[in-house]
Amino acid sequence: VDEEDIAPGVEGQALLQRVGQWLESCRLESAVLDVRLVPADLHDLLEEGFHLAEQRQPLQAAVDLPDKSPVISADLFLFPRVFAHLLHDLNCQEVHLKLERARLQVVGQHPRLQRDPSLMTLEGCRQLLELHGISLDREENQFQLTWEVQWKA
């Protein structure tokens, strides 16, 4: 048996990746998650979420964040993944992030042709963010995260 006969091709790898993304979405939306909020650097969480989003499809970002990152309470696993799903829910190739006090605004430009069906639902994202004390407002080409508790930069 040739190794080429066993190894998955490009299409097989893409399918495996899509199934993995779908399974992660299902897990994130399940009610059995153990949310552990710890102090975390917001810049680091946003960077990880952006990196996770780029694994699905390349993105460009214009960033307007303060030099010193605020420390927030967040689940180190969940928050970046929810942020990545929201970035892809915008269905844009380019995003602009702006942080102002306890509010993060993300605006998308240059929409992609297709929406990714393996994404979490918007309601699932909203519920997970509420566990972090964050409200989600979503419009056509942007979303805004607002923290209930004011934090210091």
Kindly compute the distance separating [atom1] ([X]) from [atom2] ([Y]), expressed to the nearest 0.5 Å.
X: Ser73; Y: Ile134; atom1: OG; atom2: CD1; value: 9.5 Å
X: Leu129; Y: Phe83; atom1: CG; atom2: CZ; value: 10.5 Å
X: Arg36; Y: Asp75; atom1: CZ; atom2: CG; value: 8.5 Å
X: Ser135; Y: Arg103; atom1: OG; atom2: CZ; value: 8.5 Å

Review point. Who are the salt bridge (Lys or Arg N to Asp or Glu O under 4.0 Å) partners of Glu47, not counting sequence neighbours?
Key: none

Point to revise | Pairs meeting criterion ring pair (Phe, Tyr, Trp, His ring centres under 6.0 Å) with involvement of residues 46-70, two or more places apart | key: none

With the side chain counted from C-beta on, respond yes when [X] and [Y] share a heavy-atom pair under 4.5 Å apart, and no when they do not.
X: Glu48; Y: Arg81; value: yes
X: Ile72; Y: Leu37; value: no
X: Leu42; Y: Leu65; value: no
X: Leu145; Y: Leu86; value: yes

Exercise for review: Taking side-chain contact (heavy atoms from CB on, under 4.5 Å) as the test, write out the residues that go with Ala53, two or more places apart.
Suggested key: Leu59, Ala84, Leu87, His88

Point to revise | All side-chain contact (heavy atoms from CB on, under 4.5 Å) counterparts of Asp41, not counting sequence neighbours | key: His43, Asp44, Ser69

Exercise for review: Identify the heavy atoms of Thr121 and Gly124 that sit nearest to each other, and give their distance.
Suggested key: OG1-N, 2.9 Å

Check your understanding: Who pairs with Phe79 by ring pair (Phe, Tyr, Trp, His ring centres under 6.0 Å), at least two apart in sequence or on another chain?
Key -> His132

Review point. Can any side-chain N or O of Arg126 pair as donor or acceptor with the backbone N or O of Leu128 at less than 3.5 Å?
Key: no

Practice item. Apply side chain to side chain contact (heavy atoms under 4.5 Å, CB included) to the pair Asn91 and Asn141, showing each step before the final yes or no. Key: CA-CA 8 Å; Asn91 202 31; Asn141 70 332; over 6 Å; no

Point to revise | side chain to side chain donor-acceptor pair (under 3.5 Å) partners of Glu130, counting only residues at least two apart | key: none

**Study point:** Joint hydrophobic cluster, Val95 plus Leu52, side-chain heavy atoms closer than 4.5 Å
**Key:** no

List the atom pairs, with distances to 0.1 Å, where a side-chain N or O of residues 104-111 and a protein N or O form a donor-acceptor pair under 3.5 Å, not counting sequence neighbours.
residue, atom, partner, partner atom, Å
Gln105, NE2, Gln142, OE1, 2.9
Gln109, OE1, His96, NE2, 3.4
His110, NE2, Glu94, OE1, 3.2

